[in-house]
Asker: 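Encoded as structure tokens, here's the structure I'll be asking about.
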Amino acid sequence: MKRMMFLIAIAFSLSAVSVAGNSSTIGGGGKHGQTYHKGNISPKELPKAITKYLKENYEGYTILVSKRKNNGNYFVKIRFSGNRHYSYYRSLVFDNEGRVIKG
């Protein structure tokens with residue numbers, strides 16, 4: 001019985017997957033071999049092109065969520081001034097250079 005438990009413990013430990021950090025590499029080198037960190041990021045870490053777009057198109061915006069996706073794209077959820085009764089909310093997706101993909 002002890003031998004069986006030992007073999008199960010070894011098999012389980014060999015099959016475990018270890019994830020180091022919160023980043024992934026896309027491609028094999030050069031421009032497409034960049035390492036992107038995915039997950040929540042500070043709004044201060046967003047590219048200037050994204051913040052410029054938000055300032056020009058969404059007056060009085062507030063960033064509620066900003067994330068870097070595994071593919072290098074940015075996901076941003078904002079609240080911006082609506083009418084006097086309530087605010088509007090919008091989710092936007094930008095590519096790694098700050099161009100709008102979905103919004």
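Model, not experiment: these values are computed from the prediction.
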Asker: Among residues at least two apart in sequence or on other chains, which ones pass salt bridge (Lys or Arg N to Asp or Glu O under 4.0 Å) with Arg79?
Answerer: none

Asker: Could you give the distance from CZ (Arg99) to CD1 (Ile50), rounded to the nearest 0.5 Å?
Answerer: 11.0 Å

Asker: Enter the distance from Lys67:NZ to Tyr74:OH here, rounded to the nearest 0.5 Å.
Answerer: 15.0 Å

Asker: Specify the closest pair of heavy atoms between Ser42 and Ser66, including all atoms of both residues, with the distance to one decimal.
Answerer: C-OG, 3.8 Å

Asker: Decide side chain to side chain contact (heavy atoms under 4.5 Å, CB included) for Arg90 and Tyr61; before the verdict, give the C-alpha distance in whole Å, the side-chain angles of both, and the deciding distance to 0.1 Å.
Answerer: CA-CA 10 Å; Arg90 171 108 353 127; Tyr61 74 92; over 6 Å; no

Asker: Same cluster or not: Phe80 versus Tyr86, using hydrophobic residues (I, L, V, M, F, W, Y) connected whenever any side-chain heavy atoms lie under 4.5 Å apart?
Answerer: yes

Asker: Is it the case that the side chain of Ser81 and the backbone of Glu59 share a donor-acceptor pair, with hydrogens and angles ignored and the cut-off at 3.5 Å?
Answerer: yes

Asker: Tell me, with the steps shown, if Phe75 and Ser91 meet side chain to side chain contact (heavy atoms under 4.5 Å, CB included).
Answerer: CA-CA 7 Å; Phe75 170 82; Ser91 296; 3.9 Å; yes

Asker: Stepwise, does the side chain to side chain contact (heavy atoms under 4.5 Å, CB included) test hold for Ile63 with Leu54?
Answerer: CA-CA 9 Å; Ile63 296 176; Leu54 294 174; 4.2 Å; yes

Asker: What's the separation between atom CD in Glu56 and atom OG1 in Thr51, rounded to the nearest 0.5 Å?
Answerer: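 Reported value, rounded in 0.5 Å steps: 9.5 Å.
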
Asker: Kindly determine whether Val76 and Leu64 satisfy side chain to side chain contact (heavy atoms under 4.5 Å, CB included), including the steps that lead there.
Answerer: CA-CA 8 Å; Val76 180; Leu64 303 174; over 6 Å; no

Asker: With rounding to the nearest 0.5 Å, note down the distance linking CD in Glu45 to CG in Asn40.
Answerer: 10.5 Å

Asker: For Tyr53 and Phe94: C-alpha separation, side-chain torsions, deciding distance, then whether ring pair (Phe, Tyr, Trp, His ring centres under 6.0 Å) applies.
Answerer: CA-CA 10 Å; Tyr53 175 85; Phe94 298 88; 5.7 Å; yes

Asker: Under 6.0 Å between ring centres, would you say that holds for Tyr58 and Tyr88?
Answerer: no

Asker: Of Leu46, Asn73, Ile41, which is the lone residue that meets side chain to side chain contact (heavy atoms under 4.5 Å, CB included) with Arg68?
Answerer: Ile41

